[in-house]
Amino acid sequence: MDMFGKRAAKALAFLPLLALLGAAPEPRWQPIFDGRTLDGWTPKITGRAVGEDPLAMFVVHDGAIRISHANYPRFEGEFGHLFWKEPLGAYRLRFEYRLFGDTLPGVKVWQHTNSGVMFHAQPPETMRRDQAFPVSLEMQLLAVPRPTREPSGNLCTPGTTVHIDGKLDPRHCILSSSPLMPVGRWTRAEIEVLPDGKITHRIDGEAVLRYDHAELDPADADAKPRIAAMGGMLKLTRGYIALQSEGHPVEFRKIELQRLD
């Protein structure tokens with residue numbers, strides 16, 4: 001091999017290392033629940049001011065955030081949402097959840113074994129005192145048995161709209177392709193929000209729902225103040241995440257965030 005050939009061979013040998021050094025590092029996963037306290041999380045319960053939780057709807061139990069109406073005699077419209085402190089744009093959120101126990105007396109049929117994670121949500125301090133749900137997208141979390149046999153990982157749209165397969169989907173709740181999940185089972189879930197606005201729900205590692213083009217709904221009464229605050233813009237690109245209470249006990253653990261922006 002001549003001198004030129006030796007130099008070329010040496011250069012080729014370094015290519016894998018150069019490629020590795022030039023590759024962007026994978027964003028790290030950040031725990032946003034420490035397993036011991038609710039530091040960084042703020043409750044907003046229907047009928048109460050932001051931060052008020054006198055009947056301990058949100059507590060930490062055995063390394064999980066436990067959400068229940070255990071100290072309420074019956075459900076009388078006290079929907080609860082536990083907001084994380086920081087608005088987010090593009091990210092992946094992963095967690096484990098389980099619905100367990102019994103539904104509180106007074107709930108409607110659709111509230112049985114029902115919870116969710118709200119995202120792209122309005123700031124908690126902008127919610128009306130008696131507002132039931134923040135304007136947001138919701139990854140709906142269900143379990144069976146329940147009055148209707150429905151999967152988990154669905155999408156609900158309080159004050160918002162989305163497109164599926166390039167078309168506006170007018171439904172308030174859109175079912176995923178997830179299998180039915182039994183009450184009491186710990187289930188892995190993930191929400192992926194990409195910088196281009198594409199959103200994917202995953203249950204136990206499998207993609208179960210995809211959509212994009214999230215917008216505020218100009219026909220929704222609670223969305224109208226948000227649209228005005230955003231200068232008339234409808235496109236929804238960031239917001240808060242919140243764990244939901246709808247009258248059935250639920251727990252969340254191993255809550256982690258991977259920022260993509």
Side-chain angles (χ1 to χ4, degrees), residues 23-34 38-44 50 65 81-97 116-127 131 133-141 153-166 168-169 174 176 188-203 205 207-218 220 222-244 252 254-261:
E26 179 77 4
R28 68 182 182 90
W29 286 95
Q30 167 196 1
I32 59 173
F33 166 55
D34 62 18
L38 293 178
D39 290 350
W41 297 85
T42 300
K44 173 62 182 81
V50 175
I65 295 176
H81 295 87
L82 187 66
F83 286 79
W84 193 58
K85 62 183 180 181
E86 186 178 335
L88 302 167
Y91 57 93
R92 295 186 182 99
L93 177 73
R94 67 185 182 189
F95 55 92
E96 294 183 357
Y97 75 92
V117 174
M118 325 302 281
F119 61 103
H120 278 1
Q122 68 184 104
E125 63 272 12
T126 67
M127 292 179 65
Q131 189 172 331
F133 307 104
V135 174
S136 59
L137 303 172
E138 177 192 352
M139 184 182 192
Q140 185 187 52
L141 307 173
N154 309 317
L155 169 68
C156 293
T157 55
T160 57
T161 62
V162 301
H163 285 206
I164 293 181
D165 296 329
L168 175 68
D169 194 314
I174 301 167
S176 79
R188 292 181 293 113
E190 180 179 314
I191 301 167
E192 178 185 72
V193 183
L194 297 180
D196 64 3
K198 290 182 171 61
I199 300 172
T200 301
H201 295 186
R202 291 186 172 88
I203 294 291
V208 297
L209 188 61
R210 289 188 170 95
Y211 54 94
D212 56 21
H213 207 73
E215 290 191 344
L216 295 167
D217 182 357
D220 183 85
D222 286 324
K224 288 178 179 179
R226 302 304 308 147
I227 295 170
M230 294 169 61
M233 186 173 70
L234 299 181
K235 188 175 181 180
L236 196 56
T237 60
R238 63 189 295 107
Y240 290 81
I241 61 171
L243 311 180
Q244 187 185 66
F252 295 88
K254 299 179 182 179
I255 308 171
E256 297 180 304
L257 178 70
Q258 184 186 51
R259 301 172 188 270
L260 302 179
D261 54 1

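Interatomic distance, L155 CG to I164 CD1, rounded to the nearest 0.5 Å: 7.0 Å. Here the CG-CG distance, from L216 to L236, works out to 5.0 Å after rounding to the nearest 0.5 Å. Rounding to the nearest 0.5 Å places CG of L194 at 10.5 Å from CG of D212. For the atom pair OG (S136) and CD (Q244), the distance works out to 8.0 Å, reported to the nearest 0.5 Å. If you take OG1 on T160 and CG on D222, they are separated by 11.5 Å, rounding to the nearest 0.5 Å. D39 CG to K85 NZ: the interatomic distance, rounded to the nearest 0.5 Å, is 8.5 Å.
At a threshold of 4.5 Å between non-hydrogen side-chain atoms, the residues L88 and R259 count as touching. Put simply, the side chain of L243 reaches to within 4.5 Å of the side chain of I255, judged on heavy atoms. By the 4.5 Å heavy-atom criterion applied to side chains, R94 and W29 are counted as neighbours. Using a 4.5 Å heavy-atom cutoff, the side chains of H81 and P134 are in contact. You'll find the side chain of P27 reaches within 4.5 Å of the side chain of Q258, heavy atoms only. The side-chain heavy atoms of I32 and I241, taken from C-beta on, include a pair separated by under 4.5 Å.
In D165, the CG atom is not crowded: 12 or fewer heavy atoms of neighbouring residues, nucleotides or ligands sit closer than 6.0 Å. Within 6.0 Å of CZ on R210 lie no more than 12 heavy atoms contributed by other residues, nucleotides or ligands.
The minimum heavy-atom distance linking F95 with M139 is given by the pair CZ-SD, 4.3 Å. When all heavy atoms of V193 and L260 are compared, the closest pair comes out as O-CD1, 3.9 Å. Scanning both residues, S176 and L209, for their nearest heavy atoms gives CB-CB, 4.2 Å. Looking at every heavy atom in both residues, P158 comes nearest to M118 through CG-CE, 4.0 Å. Of all the heavy atoms in V162 and L168, the pair that sits closest is O-CD1, 3.5 Å. Taking both residues in full, the closest heavy atoms of P124 and V50 are given as O-CG2, 3.4 Å, listed atom of the first, atom of the second, then distance.
F119 pairs by the ring-ring contact (aromatic ring centres under 6.0 Å, His included) definition with nothing, not counting sequence neighbours. In this structure P43 satisfies the side-chain contact (heavy atoms from CB on, under 4.5 Å) test together with D53, F58, L82, sequence neighbours excluded. Contacts of E215 classified as salt bridge (Lys or Arg N to Asp or Glu O under 4.0 Å), with partners at least two apart in sequence or in another chain: none.
Between the side chain of E190 and the backbone N or O of R202 there is no donor-acceptor pair closer than 3.5 Å.
Aromatic ring orientation, Y240 versus F83: perpendicular (interplanar angle above 60°, classes split at 30° and 60°). Under the 30°/60° scheme for interplanar angles, the aromatic rings of H120 and Y91 are found to stand perpendicular.
Of the listed residues (H201, H163, K198), just one forms a side chain to side chain donor-acceptor pair (under 3.5 Å) with Y211, and that residue is H201.
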For this session: Carefully, step by step, assess V117 and Y97 under the rule side-chain contact (heavy atoms from CB on, under 4.5 Å).
Result: CA-CA 10 Å; V117 174; Y97 75 92; over 6 Å; no
